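So the structure is just underneath, and the comments pick up after that.
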Amino acid sequence: MSELNQIALKILSNGKGILAADESNNTMTKRLEAVNVPSTPENRLFFRETLFSSENMKDCIGGVILYDETINQTSSSSKTIPDMISKTGAVPGIKVDTGAKVLANSPEEKITEGLDGLRERLKKYYDLGARFTKWRGVYCISKKYPSKLAISTNAHSLARYSALAQESGMVPIVEPEVLMDGDHSAEDCLSKTSEVIKKCFEDLILHKVDLTGIILKPNMILAGNKSKNKISNEEVSSKTLECIKKSVPNEVPGIAFLSGGQSEIEATENLNLINKKNNTNFIMTYSYGRALQQSALKFWSKDIKDIEGTQNVFNHRAKMCTLATKGKWSKELENK
Ligand code: 13P
């Protein structure tokens with residue numbers, strides 16, 4: 001078993017999932033201002049440290065994705081943040097793309113940047129303790145999109161990034177996110193997401209990426225958020241499994257879904273159904289940002305000194321998500 005495969009399995013095994021706490025300062029500012037908390041470096045760290053020191057980190061969280069600011073900060077007990085995360089048994093990770101920019105010659109679409117100087121940045125992050133990385137490509141669905149251009153340029157960047165991450169001893173999270181924005185059908189989401197993922201693997205293979213040492217982070221298959229034809233959770237889980245089966249090579253150890261704007265309960269229920277039906281060899285878990293943090297952030301914003309109360313909210317969410325990785329979640333457990 002390769003070292004990269006071992007890291008991937010450490011992150012994904014035993015019902016553990018990933019806490020995506022890698023919001024850029026811009027995104028985190030939006031989240032904090034929405035709950036009337038000033039977005040200072042201290043407050044951003046305070047909220048995140050509150051989550052990282054929660055009891056259920058140990059049993060539920062296998063990896064934490066950090067943002068550049070956080071990986072360079074020091075905890076209130078004078079530990080480095082990667083050290084603090086490692087002590088819980090989770091693997092520290094880092095977002096390494098520098099964001100999605102307008103795609104030249106297709107200005108309504110995006111290309112994710114960050115390849116220039118990436119080898120040097122990766123070395124710095126490895127030395128700080130990171131053992132996995134994240135890069136997010138983003139695609140929109142409409143009659144014309146995603147274009148072949150967006151699909152192939154983002155796949156190329158994801159493959160170059162993955163090869164560099166593995167070269168520096170870290171597991172790349174490959175995240176091609178097909179957005180839920182729009183009025184498209186779930187069938188469109190299924191066909192476009194499958195096309196996007198297949199192209200990513202074509203390029204990963206071309207770039208000789210070790211597929212046993214990556215984690216795929218896709219969206220679930222949903223109808224667009226403005227679609228009149230929403231599908232049931234049962235259908236979401238069946239279509240998501242269908243997509244994964246037809247587009248992901250067998251060597252990949254696991255899939256960690258993003259929540260992508262689903263509510264906490266929706267994201268948990270869909271993951272639970274996916275795992276009830278999972279007849280593949282892939283581990284199917286979560287790499288949630290909003291669906292792990294939303295309620296905790298709301299609670300925290302009412303009294304940022306109430307660490308224990310905030311941790312209780314986060315502990316509950318992490319536990320529910322971990323039950324969903326085993327197909328053992330139910331709605332009744334939410335109110336206990
Ligand atoms: P959400 O779960 O909020 O979609 O965030 C996951 C993530 O890391 C997006 O890049």
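Indexing begins at 1, ligand by ligand and atom by atom, following the structure's order. Please read all numbers here as calculations on a predicted model, not as lab measurements.
For ligand 1, the atoms closer than 4.0 angstrom to any heavy atom of Gly260 are 1 (P), 2 (O), 4 (O). Those atoms of ligand 1 that come under 4.0 Å of a heavy atom in Glu175, given as number and element, are 7 (C), 9 (C), 10 (O). If you number the atoms of ligand 1 from 1 as listed, the ones under 4.0 Å from a heavy atom of Tyr288 come out as 2 (O). Ligand 1 places these atoms under 4.0 Å from at least one heavy atom of Lys134: 7 (C), 8 (O), 9 (C), 10 (O).
A salt bridge links Lys199 with Glu202: the distance from a Lys NZ or Arg NE/NH1/NH2 to an Asp or Glu carboxylate oxygen falls below 4.0 Å. Salt-bridge annotation for Lys123 and Glu167: absent, with no side-chain N of the basic residue lying under 4.0 Å from a carboxylate O of the acidic one. A salt bridge links Lys134 with Asp22: the distance from a Lys NZ or Arg NE/NH1/NH2 to an Asp or Glu carboxylate oxygen falls below 4.0 Å.
Not close to ligand 1: Ala291, with no non-hydrogen atom less than 4.0 angstrom away. For the ligand labelled ligand 1, residue Gln293 lies outside the 4.0 Å heavy-atom shell. Not a single heavy atom of Lys95 sits under 4.0 Å from any atom of ligand 1.
Looking at Arg48, Arg136, Arg44 one by one, the single match for salt bridge (charged side-chain N to carboxylate O under 4.0 Å, His left out) with Glu23 turns out to be Arg48. The residue from Phe314, Phe52, Trp300 that alone fulfils the ring-ring contact (aromatic ring centres under 6.0 Å, His included) condition with Phe47 is Trp300.
Distances from atom 7 (C) of ligand 1 to the heavy atoms of Lys217, Gln262, Gln294 put Lys217 nearest.
For atom 1 (P) of ligand 1, the nearest protein heavy atom (residue, atom name, distance) is Ser259 OG, 3.3 Å. The shortest contact between atom 5 (O) of ligand 1 and any protein heavy atom is with Gly289 N, 3.6 Å.
Contacts between Arg290 and ligand 1, counted as non-hydrogen atom pairs separated by less than 4.0 Å, involve both the backbone and the side chain. The proximity of Ala20 to ligand 1, defined as any non-hydrogen pair under 4.0 Å, is limited to the side chain.
Between Glu108 and Tyr145, some side-chain heavy-atom pair lies under the 4.5 Å cut-off. Put simply, the side chain of Ile283 reaches to within 4.5 Å of the side chain of Leu9, judged on heavy atoms. Side-chain contact check for Ser237 versus Thr240: every heavy-atom pair is 4.5 Å or farther apart.
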